[in-house]
Amino acid sequence: MKTKHEWVTHLILLIFVVLMIFPIIFAISNSFKTMQESANNIMGLIPENPTLESFRYVAQRLPIKKIIANSFFIATTVTIFKIITSVLAAYGLVYFDFKGKNVIYFLMLVTMFIPFTVTMVPNYLLISKLGLADKLIGVALPQFADVAGIFLIRQSMRTIPKSLTEAAKMDNVSDFHIMKDIIFPIVLPAVVSSGIMFFINSWNEFVWPTLILKSRDHFTLPLALQMFMSAEGGTDFPIAMAVSVITMSLPIILYLFFQRYIISTYAGSGVK
């Protein structure tokens, strides 16, 4: 039988779950409303007369396929390079011994606490000098490494007995093949979960693409959503919610499929 403390804990967790899920249900509900119904009953979660009018408008008035492709290209490119750099850096930090290794790792962790606003202007100037402004690769390039990914994969590698790599080295196996054939399959859950988080973060990114991308043909989904949001109150709300639903669909599907990897990786990140 549950104690009073357990009931209170579960009640608090339930409140947080509701707070997290409500915006998703709210967006889905309003995406199926007409403009008039949304204005009259914006908080109603069940549309009185469900309609696909907003989704048809998005499909007809926006190059939505191109916009989705732009988002997918940036998110996929960033994810692939972040996984490569994270695995290589984590392997070097765990299995190579060199002077200043701990200092380098500490400095890398410190960069996690540097606000994006500090690096935003230097990155923008660099991308402009390279002639990559208003290009998809210009959005992706500064994001090819991620300290959080290095940390999570490094923590996973530290749980592997070093006797495995030592035995392989005694058989003259190269570090590349040790990493590829022995280490990588073991840390695959951490790599998958990190990759999903990389993809979702890049997919949802708004500020950096806003600085780099100017032409509509290069817009990502968050930028397309901003087109229907007005600070003066002229928001096409159901249409904005339709774009929101399209934007959130892929990240939610990916999370539902790979949530066990994500949870296990973060749960084990503090275990040596």
Please report the C-alpha distance between L130 and L141 in whole Å, then the side-chain angles of each, then the deciding distance to 0.1 Å, and finally whether the side-chain contact (heavy atoms from CB on, under 4.5 Å) criterion is met.
CA-CA 11 Å; L130 292 174; L141 185 59; 4.1 Å; yes
How long is the span from the [atom1] atom in [X] to the [atom2] atom in [Y], to the nearest 0.5 Å?
{"X": "F184", "Y": "I178", "atom1": "CZ", "atom2": "CD1", "result": "16.0 Å"}
{"X": "N204", "Y": "M248", "atom1": "CG", "atom2": "CE", "result": "9.5 Å"}
{"X": "I212", "Y": "L132", "atom1": "CD1", "atom2": "CG", "result": "8.5 Å"}
{"X": "F98", "Y": "L93", "atom1": "CZ", "atom2": "CG", "result": "5.5 Å"}
{"X": "F16", "Y": "L11", "atom1": "CZ", "atom2": "CG", "result": "11.0 Å"}
{"X": "N70", "Y": "L136", "atom1": "CG", "atom2": "CG", "result": "4.5 Å"}

Spell out, yes or no, whether [X] and [Y] are grouped together once hydrophobic residues are joined by side-chain heavy atoms under 4.5 Å, including indirect joins.
{"X": "V18", "Y": "I46", "value": "no"}
{"X": "I253", "Y": "I28", "value": "yes"}
{"X": "I12", "Y": "I21", "value": "no"}
{"X": "F113", "Y": "M120", "value": "yes"}
{"X": "L107", "Y": "L88", "value": "no"}

Taking the side chain as everything from C-beta on, heavy atoms only, tell me whether [X] gets closer than 4.5 Å to [Y].
{"X": "I160", "Y": "V187", "value": "yes"}
{"X": "L254", "Y": "F257", "value": "no"}
{"X": "S193", "Y": "L152", "value": "no"}
{"X": "I83", "Y": "V87", "value": "yes"}
{"X": "L221", "Y": "I64", "value": "yes"}
{"X": "E37", "Y": "P47", "value": "yes"}
{"X": "I74", "Y": "W208", "value": "no"}
{"X": "T34", "Y": "N49", "value": "no"}

Counting only N and O atoms by type, is there a donor-acceptor contact under 3.5 Å from the side chain of [X] to the main-chain atoms of [Y]?
{"X": "N30", "Y": "F26", "answer": "yes"}
{"X": "S29", "Y": "G44", "answer": "yes"}
{"X": "S38", "Y": "M35", "answer": "no"}
{"X": "H218", "Y": "D134", "answer": "yes"}
{"X": "Q143", "Y": "S202", "answer": "no"}
{"X": "T210", "Y": "F206", "answer": "yes"}
{"X": "K33", "Y": "N41", "answer": "yes"}
{"X": "T220", "Y": "S71", "answer": "no"}

For [X], does the [atom1] atom sit with more than 12 other heavy atoms under 6.0 Å from it, leaving out its own atoms?
{"X": "F106", "atom1": "CZ", "result": "no"}
{"X": "L256", "atom1": "CG", "result": "yes"}
{"X": "F96", "atom1": "CZ", "result": "yes"}

Can you list the other members of the hydrophobic cluster that holds L13, where links are side-chain heavy atoms under 4.5 angstrom apart?
none
Shortest non-hydrogen contact from [X] toward [Y]:
{"X": "K162", "Y": "Y95", "value": "CG-CE2, 4.3 Å"}
{"X": "I150", "Y": "M108", "value": "CD1-CE, 3.2 Å"}
{"X": "H177", "Y": "S174", "value": "ND1-OG, 2.9 Å"}
{"X": "V94", "Y": "K101", "value": "O-NZ, 4.2 Å"}
{"X": "P189", "Y": "I186", "value": "CD-O, 3.6 Å"}
{"X": "L225", "Y": "A240", "value": "CD1-O, 3.0 Å"}

Strictly by side chain to side chain donor-acceptor pair (under 3.5 Å), give each pair with a member in residues 74-91 just once, sequence neighbours left out.
K82-D146, Y91-D175
Given side-chain contact (heavy atoms from CB on, under 4.5 Å), test L62 with R216 step by step and report yes or no.
CA-CA 9 Å; L62 283 179; R216 181 179 291 192; 4.3 Å; yes
Where do R56 and E53 land on the side-chain contact (heavy atoms from CB on, under 4.5 Å) test, with the steps shown first?
CA-CA 5 Å; R56 283 195 291 266; E53 179 183 340; 4.2 Å; yes
Which word best sums up how the rings of W203 and F72 line up, parallel for under 30°, tilted for 30 to 60°, or perpendicular for over 60°?
perpendicular
Take F32 and T51 through the side-chain contact (heavy atoms from CB on, under 4.5 Å) test and state the conclusion after the steps.
CA-CA 5 Å; F32 290 101; T51 176; 5.7 Å; no
